[in-house]
Amino acid sequence: MIDLQKLRNEIDKVDRQIVELFERRMEICEQVAEYKIETGKKVFDKEREDSKITTLKALAHNDFNSHGIEELFLQIMSMSRKLQYQLLTKKGVTGRLPFSEIDRLEKDNIRVVFQGVEGAYSQMAMKTYFGEHINSFHVKQWRDALDAIAEGMADFAVLPIENSTAGFVSEIYDLLMKYDDYIVGEQTIRIEHKLLGIPGTSLKDIRTVYSHEQGLMQCDEYLSCHRNWKQIAVENTAGAAKKVAEEGDKTQAAIASAYAGRSFGLEVLEEGICANGGNSTRFIIVSNQRIFEKNAKKISICFETPHRSGALYSILSHLIYNNINMSKIESRPIPGRNWEYRFFVDIEGNLNDSGVKNALRGITEEAVNMKILGNY
């Protein structure tokens, strides 16, 4: 008869020995960190770790244990690196982040570009963030807005990054990787679609409705009650309002904001036509300057992972170890590399926080092409 309690006692004994050996190993790691501080040697040595894992796996007596040894020591080595990063920070060896802290973002005597036309939600976001009296201009494409910053025609650009119903704007993420630009602020705007028409228009006059495809989709429930109306998608909601205003045809209506309606002299024919009353879009304020306000609380980063099992977990573990909250993670395919992905992550914190510095140092060491997109 197996004595279960006796076996448990044996496990407890072994576990205590494991704890003692682990703590001894971490003490040695502190000495390794001291050496690396003196010599400037990097913490992460992938070749040595891979070689050591191979050697340790060979000591196991079966395949199951071999795999378990690999997982165990990958975690132990990861914790050793985190300890070394922490000690480097305590010694003041933090490395220099390529960002400058400022008291506040300059909002006077600047020029801002937004994508779309007058009356667009992006213009509303711009004026909400910078104020009504702002020197601004608009362009047709998001890429044009970033080109304007690169050419010195604008100091900041306002771009949509995420909608509460449609999700994130993937093209903006791709552009942030292509251009040497950074997020310095954000502004959330509630999307309140209205049915707009030429003054004096009645619902029975309408034959055609114009809007962005998302606007049509978000008002699908309302539009289904008017099946005789032809729906036509255009580049943006404000463009729809502009078209209806310029053509002056009472058989046409636009789904856009009241702001767009006022901009083009249109009348609100119907309100509350959007199925989701909480629909909002988050806009980012972009600059080509690597700056952040001293009270910034959110950091956006992106990175690629080595193409191996557990790579993403290993990288995100730096956030867990440093008690940093991750508020969002998105992935995008890497152009030209099938089935490989780039990750975009939002975390809480400031670039001056020691925990943030530790985490970003570890992620930079272990990820591929890590970029700080901004602290805002």
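Quantities reported herein were computed from a predicted structural model and do not represent experimental measurements.
No hydrogens or angles considered: a donor-acceptor pair under 3.5 Å links the side chains of His193 and Gln218. Asp346 and Ser327 are not linked by any side-chain donor-acceptor pair at a separation below 3.5 angstrom, with hydrogens and angles left out of the test. With no hydrogens or angles considered, a side-chain donor-acceptor pair links Lys36 and Gln84 at under 3.5 Å. Inspection of the Asp63 and Ser66 side chains reveals no N or O donor paired with an N or O acceptor under 3.5 Å. Defined by atom type and a distance below 3.5 Å, a donor-acceptor pair is present between the side-chain atoms of Glu118 and Gln123. Judged purely by distance below 3.5 Å, without hydrogens or angles, the side chains of Asn163 and Asn279 pair a donor atom with an acceptor atom.
When each of Leu175, Leu373, Val286 is checked for a side-chain contact (heavy atoms from CB on, under 4.5 Å) with Asp181, only Val286 meets the rule. Only one option out of Thr201, Thr208, Ile198, Val209 pairs with Val244 in a side-chain contact (heavy atoms from CB on, under 4.5 Å); it is Ile198.
One N or O on the side chain of Ser211 and one on the backbone of Ile255 form a donor-acceptor pair closer than 3.5 Å. A side-chain donor-acceptor contact under 3.5 Å links Ser122 to the backbone of Gln115. For the pair Asn65 (side chain) and Asn62 (backbone), a donor-acceptor distance under 3.5 Å is absent. Remark: side-chain polar atoms of Lys371 are paired, donor with acceptor, to backbone N or O of Leu176 under 3.5 angstrom. Remark: the backbone N or O of Arg48 is not paired with any side-chain donor or acceptor of Ser51 at under 3.5 angstrom. In terms of modelled atom types and a separation under 3.5 Å, the side chain of Asn375 and the main chain of Asn350 share no donor-acceptor contact. Of the possible polar contacts, none joining the Trp142 side chain to the Ile172 backbone as a donor-acceptor pair under 3.5 Å is found.
Note on Ile284 and Met124: separate hydrophobic clusters, where clusters join Ile, Leu, Val, Met, Phe, Trp and Tyr whose side-chain heavy atoms are under 4.5 Å apart, directly or indirectly. By the rule that hydrophobic residues join a cluster once side-chain heavy atoms approach within less than 4.5 Å of another member, Val158 and Val184 end up as members of one cluster. Following chains of ILVMFWY side-chain contacts shorter than 4.5 Å, one cannot reach Ile285 starting from Phe344, and the two form parts of different hydrophobic clusters. Connection of Phe283 to Val112 is established within a shared hydrophobic cluster, with ILVMFWY side chains joined at heavy-atom distances below 4.5 Å, either directly or through further cluster members. Residues Val169 and Phe114 are members of separate hydrophobic clusters, defined by side-chain heavy-atom contacts under 4.5 angstrom among Ile, Leu, Val, Met, Phe, Trp and Tyr.
Annotation for Cys274 and Cys219: closest pair CA-SG, 4.0 Å, computed over non-hydrogen atoms. The two residues Gln252 and Lys243 have their closest heavy-atom pair at OE1-O, 4.5 Å. Considering every non-hydrogen atom in both Ala145 and Val113, the closest pair reads O-CG1, 3.7 Å. Between Phe168 and Arg332, the closest heavy-atom pair is CE1-CD, 3.7 Å. Scanning all heavy atoms of the two residues, the minimum distance from Ser257 to Leu196 falls at O-CD1, 3.5 Å. Across all their heavy atoms, Pro160 and Thr281 have their closest contact at CB-CG2, 4.1 Å.
Hydrophobic cluster membership for Tyr313: none, as no Ile, Leu, Val, Met, Phe, Trp or Tyr side chain comes under 4.5 Å of it. The hydrophobic cluster analysis finds Leu4 isolated: no Ile, Leu, Val, Met, Phe, Trp or Tyr side chain comes under 4.5 Å of it, directly or through other members. Clustering of Ile, Leu, Val, Met, Phe, Trp and Tyr by side-chain heavy atoms under 4.5 Å joins Val368 with none of the others.
The shortest side-chain heavy-atom distance between Arg111 and Phe156 does not fall under the 4.5 Å cut-off. The closest side-chain heavy-atom distance from Glu348 to Lys298 is not below 4.5 Å. Side-chain contact between Ile301 and Ile363: present, with at least one pair of heavy atoms (C-beta onward) separated by less than 4.5 Å. Side-chain atoms of Gln75 and Glu71, non-hydrogen and from C-beta on, never get closer than 4.5 Å to each other. Side-chain contact between Glu304 and Phe343 is absent, with no heavy atoms from C-beta onward closer than 4.5 Å. Lys41 places a side-chain heavy atom less than 4.5 Å from the side chain of Tyr35. Cys302 places none of its side-chain heavy atoms less than 4.5 Å from the side chain of Met370. When side chains are defined from C-beta on, Glu366 counts as touching Phe44, because their heavy atoms get closer than 4.5 Å.
By the ring pair (Phe, Tyr, Trp, His ring centres under 6.0 Å) test, Tyr182 pairs with Phe99, sequence neighbours left out. With sequence neighbours left out, Tyr376 forms a ring pair (Phe, Tyr, Trp, His ring centres under 6.0 Å) with no residue at all. With sequence neighbours excluded, the residues forming a side-chain contact (heavy atoms from CB on, under 4.5 Å) with Thr251 are Arg207, Asp249, listed by chain and number.
Looking at Glu365 and Arg81, no side-chain N of the basic residue comes within less than 4.0 Å of a carboxylate O on the acidic one, giving no salt bridge.
Atoms NE2 and CD, on His226 and Gln231 in that order, are 11.0 Å from each other to the nearest 0.5 Å.
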Discussion item. One pair to check against side-chain contact (heavy atoms from CB on, under 4.5 Å): Ile329 and Leu316. What are the steps and the verdict?
Written reply: CA-CA 10 Å; Ile329 181 169; Leu316 294 181; 4.2 Å; yes
Quiz item: Which is it for Val345 and Ile347 under the side-chain contact (heavy atoms from CB on, under 4.5 Å) test, yes or no, and what are the steps along the way?
Solution: CA-CA 7 Å; Val345 171; Ile347 62 175; 3.7 Å; yes
Worksheet entry | Full working for salt bridge (charged side-chain N to carboxylate O under 4.0 Å, His left out) between Arg342 and Asp174 | CA-CA 10 Å; Arg342 180 177 291 127; Asp174 292 339; 5.0 Å; no
Let me see the working for Gln86 and Asn358 under side chain to side chain donor-acceptor pair (under 3.5 Å), right down to the final yes or no.
CA-CA 6 Å; Gln86 191 177 80; Asn358 287 337; over 6 Å; no
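Counting heavy-atom neighbours within 6.0 Å of His67 NE2, excluding the residue itself, gives a total of 12 or less.
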When the side chains of residues 263-271 are checked against the rest of the protein, which donor-acceptor pairs come out under 3.5 Å, sequence neighbours left out?
unit_1	atom_1	unit_2	atom_2	d
Ser263	OG	Tyr259	O	2.9
Glu270	OE2	Tyr222	OH	3.3
Glu271	OE1	Lys194	NZ	3.1

Expected list for residues 11-33: side-chain donor-acceptor pairs under 3.5 angstrom, two or more places apart:
unit_1	atom_1	unit_2	atom_2	d
Arg24	NH1	Glu27	OE1	3.4
Arg25	NH1	Ser80	OG	2.9

For residues 101-110, which side-chain N or O atoms pair as donor and acceptor with protein atoms under 3.5 Å away, sequence neighbours left out?
unit_1	atom_1	unit_2	atom_2	d
Glu101	OE1	Asn352	ND2	2.3
Glu106	OE2	Asp108	N	3.0
Lys107	NZ	Tyr129	O	3.1

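Among residues at least two apart or in separate chains, salt bridge (charged side-chain N to carboxylate O under 4.0 Å, His left out) pairs with a member in residues 147-163 are Glu162-Arg282, Glu162-Lys328. Counting only residues at least two apart or on different chains, the salt bridge (charged side-chain N to carboxylate O under 4.0 Å, His left out) pairs with a member in residues 126-139 are Lys127-Glu132. Within the structure, no pair that satisfies the salt bridge (charged side-chain N to carboxylate O under 4.0 Å, His left out) test touches residues 208-230, not counting sequence neighbours.
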